[in-house]
Structures are given as structure tokens and as C-alpha cells.
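The shown structure was predicted, so the numbers you read here are calculated from the model rather than taken from an experiment. Every chain is numbered from 1, with letters handed out A, B, ... down the list of sequences.
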2 protein chains.
Amino acid sequence: MNHLIRFKAFQQQVTLSRREICREVFTHHKKNITIKREKTLDKNLLRIFDAALTISNRKGFKAMSMRDLSRETGLSMGGLYAYFSGKEDLLEMLLRTGRTTIQRILSAHVDPVLHPVSKLRVAVQTHIFLSEVLQPWFYFSYMEARHLAPAHKAEAKAGELGTEKLFQDILEQGRSKGLFEVLDSLLTASVIKAMVQDWYVKRWKYAKRNVGVDQYASFVISCVERLCLAQSERQAHAELYAGASGTMVE
Amino acid sequence: MNHLIRFKAFQQQVTLSRREICREVFTHHKKNITIKREKTLDKNLLRIFDAALTISNRKGFKAMSMRDLSRETGLSMGGLYAYFSGKEDLLEMLLRTGRTTIQRILSAHVDPVLHPVSKLRVAVQTHIFLSEVLQPWFYFSYMEARHLAPAHKAEAKAGELGTEKLFQDILEQGRSKGLFEVLDSLLTASVIKAMVQDWYVKRWKYAKRNVGVDQYASFVISCVERLCLAQSERQAHAELYAGASGTMVE
DNA sequence: GTCTATATACGGATAGAC
DNA sequence: GTCTATCCGTATATAGAC
């Protein structure tokens with residue numbers, strides 16, 4: 001059984017969850033939010049997020065002024081402070097929201113898959129596809145997490161190590177069943193993560209080269225399998241990535 | 001013949017080149033530098049670089065104020081402007097200097113090696129070792145290049161693509177000789193670069209885990225060879241990385 | 001709930017003394 | 001060549017009108 005799907009199909013499953021994002025924000029930041037009506041809150045919060053990510057990903061969060069944000073959202077400077085208590089609070093809000101959303105969707109896709117070989121593929125593919133759907137969030141998190149206050153930075157690092165642990169666990173599970181051959185599951189998980197991250201960090205590069213997300217995902221999967229699969233398994237799966245550099249069967 | 005060395009030996013070869021760095025800066029930025037005496041220039045320029053990298057890598061270049069820089073260097077605010085015309089000029093200076101220095105040293109180590117298999121290993125190892133010696137420069141370049149003005153950003157991107165081309169050329173050279181088996185040399189070069197970069201971008205992670213630079217370099221080399229080497233070559237080299245997760249023969 | 005106007009601080013850059 | 005003192009723009013945040 002092959003759990004891999006194409007990006008288009010994946011996209012249709014996850015784009016809807018924006019409402020859920022707002023609920024998540026509210027539970028963690030209600031003390032700094034003075035807006036009462038839920039409908040107003042949701043609408044403007046999403047505008048603020050969109051605008052903040054757009055501007056920050058262009059010029060950096062620190063360089064984004066409240067005037068920029070006011071102009072881009074259509075809200076006044078004073079009005080913005082009804083949604084967060086200050087820039088630092090906004091930064092934390094954006095990073096926490098991104099982190100929890102990503103983890104939630106990732107788990108939802110990966111957890112149900114049981115066989116280590118499939119699970120590894122699904123984890124890699126879902127991570128890449130998700131980073132495509134939520135590209136601004138991923139890029140922002142990657143670039144701005146280091147500017148958090150120490151306490152919140154620790155949470156961000158824990159999240160980072162968490163997704164790495166996800167890969168590591170799959171590798172060890174597969175190794176114990178004789179499916180994988182890895183020297184060091186922790187370092188292997190690290191390089192898998194590095195390959196996966198390159199997609200959203202260096203997006204300009206792949207755009208320039210006309211490398212699409214389906215192609216990149218299947219390429220990384222082929223690399224990962226070449227790195228991890230035991231000899232016997234590699235031959236069994238060989239035909240799946242042998243010639244197909246651009247496509248992956250559904 | 002094995003061209004790989006340990007990090008300690010590598011370090012002794014390259015730490016000296018700080019003077020050369022200053023000469024490089026001067027040729028590109030003399031129009032903005034009012035200092036005449038070479039000795040004063042060199043001494044203070046290096047102080048400024050050290051300080052700017054330290055502060056920026058902690059809080060970001062944008063967040064570093066001239067007052068911060070003044071305090072850290074011991075120079076006055078006014079005095080600083082004898083070495084560069086403004087913050088933007090300083091940013092450009094730091095990035096250009098890092099880029100050219102890195103390329104110079106990388107070429108010096110990689111170019112003399114002719115056999116593709118050795119060349120690939122040396123390229124990977126040198127890149128990782130160099131990023132260890134010049135860690136603040138690499139990290140700064142990685143994080144701040146996006147804040148350059150468009151014209152200079154193009155140069156930075158070109159540099160990035162240049163080192164990737166270095167890997168790609170080695171791969172194609174080796175492929176044409178039947179030493180490597182790679183589906184897509186460009187994408188393979190990309191993921192190699194991603195693995196190499198993880199060392200200096202996520203340094204905190206490896207420090208926490210007590211993974212040293214020799215260990216990381218040899219691990220990445222083993223991954224790269226597993227990804228690239230043709231079946232025949234892989235068996236020939238198997239003993240070099242089979243059990244040794246931490247060391248690489250000199 | 002959202003706006004305009006403003007308080008207050010901090011930023012980069014420079015003028016002019018030594 | 002380097003320092004001190006200062007200019008002036010822009011930043012965040014808030015007070016109070018509507």
C-alpha cells in the first residue's frame with residue numbers, strides 16, 4: 001500500500017484549517033486581546049497574520065514597522081494593539097501558531113501510517129508539502145525564531161527537536177525490524193531534516209530552476225531511501241524511484 | 001591517496017589569513033574609508049568585524065545599533081564612520097568579505113584534487129571545516145544576505161549558486177567516468193549543500209549533543225558517498241566508513 | 001471597536017572640538 | 001584620526017475622541 005499522494009490532492013485537504021488557527025491563537029493569547037466579537041477577531045487576525053508574514057518575509061520582522069503593518073492590513077496603528085500587546089507579543093503569536101498548526105497537521109498525516117518504510121516516506125512528503133502550503137509560516141519560523149526572548153526560544157527549539165525526533169523514531173523502528181540500515185539515527189534524522197528544509201528556505205533557487213514540489217519531494221524520498229533502506233528493501237523498492245525523477249505514483 | 005585531514009590540522013592552515021581579509025576589504029571599499037595608516041586600519045577593521053558579527057549573530061544585524069557597535073569595539077560613534085559610510089555599507093562589506101574569503105580558501109583546497117571521488121570528499125570536508133573556523137562569517141552570511149539591497153543580493157545569490165555548481169561539476173565529472181550514479185546532479189548538489197550548511201546554521205543543536213566537527217564531516221561524507229557512488233565504487237570504499245562513525249583516517 | 005493625534009524614546013548620521 | 005555633543009527622522013505605544 002502506497003500512502004503517497006500528489007501535491008494538488010494534499011493541498012485540498014489542508015487549506016481549510018484557517019479558522020482552527022484563530023481558535024488556537026485565542027486560547028494562548030486571550031489576555032492580550034481586547035476584541036470580544038469572534039467574527040471580527042477571526043477576520044482581522046488573519047489579515048494581520050497575512051500582512052505580517054508578507055512584510056517580514058520581505059524585509060525581516062525587526063524592520064517591519066507598525067506603520068507598515070497598519071498600511072497593509074487597513075487597520076489603524078491604534079487598532080492593531082487590540083489584537084496583541086506589542087511587537088514582541090505578535091512575534092510570539094506568529095511563531096507559536098505556526099508551530100502548533102504544523103505539528104498538528106503533520107501528526108494527523110503521519111501517525112496513522114504504521115509500516116516504517118511507508119511512514120518515513122509519508123513523513124518526508126507531508127513535511128515538504130506542508131511547507132509548500134504554509135510557506136510563509138515555515139520561512140518566517142525558520143528566520144525569526146532566533147529573535148524570540150529566551151523563554152520562548154526554548155519552546156521553539158523544543159519544537160525543532162520534536163520533528164527531528166519524529167524522523168529518528170521512524171528510523172529506529174525500521175532498524176529494529178531489519179528494514180533500515182543506519183549508522184546513527186540521530187544524525188541521519190538531522191540530514192533528512194536539512195534536506196526537507198531546503199525546499200522552503202531556498203525557495204527562490206528552486207523556482208528559478210523550475211523544480212516543482214512534487215519533483216522535489218520524490219527526489220528527497222529517493223535520497224532518504226538510498227540512505228536508509230537495507231540492501232534487501234532497496235532492491236524491492238528500486239522500481240519506484242529508478243527512472244521517475246519527476247513523478248511519484250499515487 | 002586520501003586527501004582528508006583532521007580538523008585540528010586544517011585549522012592551523014587557515015587561521016592566519018586575517019590580514020589578507022583586510023586587504024580584500026580595502027580594495028573594494030576604499031572610497032568609503034578615510035583612514036590612511038594601514039596599521040590602524042587593519043587593527044580596527046578586525047575589531048569592527050568581530051564586534052559586528054558577535055552582536056549581529058546574537059540579535060540580528062538590523063537590531064544592532066551603532067551605539068552597540070561603539071561600545072563593543074571601544075571606538076566612538078563618530079570614529080566608526082571613518083571605516084564605512086553607513087550601516088548598509090558595513091553589511092555589504094561583511095558579506096562580500098566573507099564570500100570572497102570563503103571562495104578563495106575553498107578553491108585552494110579543492111582545485112588541486114583531481115580524482116572525482118577524492119574531490120567530492122575534500123569539497124564536503126573543506127566546506128564543513130571552513131564553516132567551523134569561520135563560523136560567525138558563515139552564519140552571518142546565511143542569515144543576513146536577504147537584507148541586502150537588490151543589486152548586492154544578486155551577487156550573494158550568485159555566490160551561493162557558485163558553490164553549488166562546484167559540487168555539481170564534481171558529480172558530473174565522476175558520473176562521466178562511471179564512478180558516480182546520480183539521477184539529477186543539480187538536485188543532488190542541492191541536498192549535499194543543505195547537509196553541509198546544517199552544521200553552521202544549527203550549531204546549537206550539535207553542541208548540545210556533543211557532536212564534533214570531525215564526526216559530523218565524516219558522517220556527511222558517508223551519506224554523500226552512499227548517495228552518489230556507483231555500486232562498484234561503494235563496495236571498494238565500504239571499509240572507510242563502515243564502522244567508524246567518529247573518525248576518518250588521515 | 002476603531003480612529004487620530006501625540007508622548008516618548010531610540011535610531012543613524014554629522015559637525016566641530018581637540 | 002578620534003572624540004563629544006547633537007540633529008533629526010522614525011519607532012513603539014497610548015490617550016482620548018467618536
I'd like to know if [X] and [Y] make a salt bridge, using a cut-off of under 4.0 Å between side-chain N and carboxylate O.
| X | Y | result |
| --- | --- | --- |
| A:Glu72 | A:Arg67 | no |
| B:Glu160 | B:Arg99 | no |
| B:Asp68 | B:Arg71 | yes |
| A:Arg209 | B:Glu164 | yes |
| A:Arg96 | A:Glu24 | no |
| B:Lys205 | B:Asp198 | yes |

Proximity to DNA chain D (any heavy atom under 4.0 Å), residues of residues 40-47 of chain B only: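 The stretch gives B:Thr40, B:Asn44 as the residues lying under 4.0 Å from the strand, ordered by number.
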
Ring pair (Phe, Tyr, Trp, His ring centres under 6.0 Å) partners for A:Tyr206, two or more places apart: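 Ring pair (Phe, Tyr, Trp, His ring centres under 6.0 Å) list for A:Tyr206, sorted by chain: A:Trp199, A:Tyr216.
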
- request: List the protein contact pattern of nucleotides 3-16 of chain C with one symbol per nucleotide (5' to 3'): B for base contact, S for sugar-phosphate-only contact, - for none; contact means a heavy-atom distance under 4.0 Å.
  value: BB------BBBB--

